[in-house]
There are 2 protein chains.
Amino acid sequence: MPTPNRTTNEEVVAAAQEVLEGAGPGGLTMQAVAARVGVRAPSLYKRFHDRDALLSAVVTATIDELGARLEEAALDLRGLAHAYRAFAHERPEAFRLVFTPYAEEGALRRSSAPVLRAAAELVGEEDALPAARLFTAWATGFLQMELAGAFRLGGSVDEAFDYGLERLRAGLTAPRG
Amino acid sequence: MPTPNRTTNEEVVAAAQEVLEGAGPGGLTMQAVAARVGVRAPSLYKRFHDRDALLSAVVTATIDELGARLEEAALDLRGLAHAYRAFAHERPEAFRLVFTPYAEEGALRRSSAPVLRAAAELVGEEDALPAARLFTAWATGFLQMELAGAFRLGGSVDEAFDYGLERLRAGLTAPRG
DNA sequence: ACCTGAACACCGTTCAAGT
DNA sequence: ACCTGAACACCGTTCAAGT
């Protein structure tokens, strides 16, 4: 007897994102996610092979949402940097997982498009890829450190972010040595 | 009847580091660590309050070892960058945990000394702190991305690293705008 | 004093049985 | 077809009992 689905993959991923943000990666259990969508844990295995696969889907969704934010906000590297930081502050737990082996290549490529575009605008097409990687690496590392509390040593974190952004822009536009 | 200790905190941390590198964070179980030092899991609770405390000790030891490497290798930012990257390649699992909430403030401060020194050399004392943060954020983010496989999109990773390092140095020494 | 077996709670995962 | 209770393996953690 066919019975209608009681939930969807999208709903499960959304529930998992909420659990993750509320309880951290350790609190992201199959039971907690299942309870939030109104089923029992074993039902989730019909949709995702195991917890790792669900986590991977969560990270992919997060990267796509980050990419959409960057597309909206973004014209130049300054706008991208602040949109990036705002996203990390809103969704710290999810952001922490973006650059882990859970991330899928396709999602990373999609979300890198606006950064590549802004980088090409600033340094030209030939250097757009390494320039985008410089920018993304800096922003990622800065936020990782900020979220980890690595900036307790003193000084203004906001100022360090703006300083980094301006020096980085200066380096990208400086004449080649 | 007093009995001699069958292991030491240092030995436990060293064992945990080996387990971590060999089996990843998921494989770092109290049983695996205990077996490696020749005791049973419950004995570890005499030395570390819980698994999180052991993980924190592992991260602290890792940061101190990284700091020692940087002290050896390091004169300028170029030397530091390559020492940093070599360490991340040798100990990827441990490196991934350096900028997480497991890291203790003291360890982070100790290991940042050589970077601060090199940054001061390049940009002067006043800007040494934000300059060091720019450098560390870039290197951290780059390696995080490299270890996560985020550079599968094409292009040479080595070249992107050198490009980033040179543009970053150029930005730090460029005249203020 | 330190160590351990036994026990408990909790989680991931499987699967036969329900509808 | 989808869902679930029951079961199993595994892990973190506690603690009374051993030496």
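Proteins get letters first, then strands, A, B, ... in listed order; numbering begins at 1 in each. Any value given below was found using the heavy atoms of this structure, including those in side chains, with hydrogens, waters and symmetry copies removed.
When every heavy atom of A:Glu71 is checked against every heavy atom of A:Pro114, the shortest pair comes out as OE2-CD, 3.4 Å.
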Between side-chain atoms of residues 92-100 of chain A and protein atoms elsewhere (two or more places apart, or another chain), which donor-acceptor pairs fall under 3.5 Å?
from     : atom 1 : to       : atom 2 : distance (Å)
A:Thr100 : OG1    : A:Leu97  : O      : 2.7
A:Thr100 : OG1    : A:Tyr102 : N      : 3.4

Review item, side-chain donor-acceptor pairs of residues 129-137 of chain A, under 3.5 Å, at least two apart:
from     : atom 1 : to       : atom 2 : distance (Å)
A:Arg133 : NH1    : B:Gly154 : O      : 3.1
A:Arg133 : NH2    : B:Gly154 : O      : 2.7
A:Thr136 : OG1    : A:Ala132 : O      : 2.8

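In terms of modelled atom types and a separation under 3.5 Å, the side chain of A:Ser56 and the main chain of A:Asp52 share no donor-acceptor contact.
Pairing analysis of DNA chain C (Watson-Crick: purine N1 to pyrimidine N3 plus N6-O4 or O6-N4; G-U wobble: N1-O2 and O6-N3; both under 3.5 Å) yields stems of 3 or more pairs at C:4-8 with D:12-16, C:12-16 with D:4-8.
Scanning for ring-ring contact (aromatic ring centres under 6.0 Å, His included) contacts around A:Phe87 gives an empty result, with sequence neighbours left out. Residues that satisfy the side-chain contact (heavy atoms from CB on, under 4.5 Å) test with B:Ala35, not counting sequence neighbours, are absent from this structure.
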Could you run down the sub-3.5 Å N/O contacts of the protein with nucleotides 10-13 of chain C?
from   : atom 1 : to      : atom 2 : distance (Å)
C:dG12 : OP1    : A:Met30 : N      : 3.4
C:dG12 : OP1    : A:Arg51 : NE     : 3.3
C:dG12 : OP2    : A:Met30 : N      : 2.9
C:dT13 : OP2    : A:Tyr45 : OH     : 2.9
C:dT13 : OP2    : A:Arg51 : N      : 2.9
C:dT13 : O5'    : A:Tyr45 : OH     : 3.4

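Of the candidates A:Val58, A:Leu55, A:Leu54, A:Val33, A:Leu54 is the only one forming a side-chain contact (heavy atoms from CB on, under 4.5 Å) with A:Phe48.
A:Ser43 has a side-chain polar atom (N or O) that falls below the 4.0 Å cut-off from OP1 or OP2 of D:dT4. A sub-4.0 Å separation between OP1 or OP2 of C:dT4 and a side-chain N or O of B:Arg6 is present.
Residue A:Val39 has its side chain nearest to D:dT4 when only D:dT4, D:dC2, C:dT4 are considered.
C:dC15 atom C1' lies 10 Å from atom NZ of A:Lys46, rounded to whole Å. Distance B:Arg47 CZ to C:dA1 C1': 12 Å, rounded to the nearest Å.
Remark: B:Asp162 does not engage B:Arg167 in a salt bridge, criterion side-chain N to carboxylate O under 4.0 Å.
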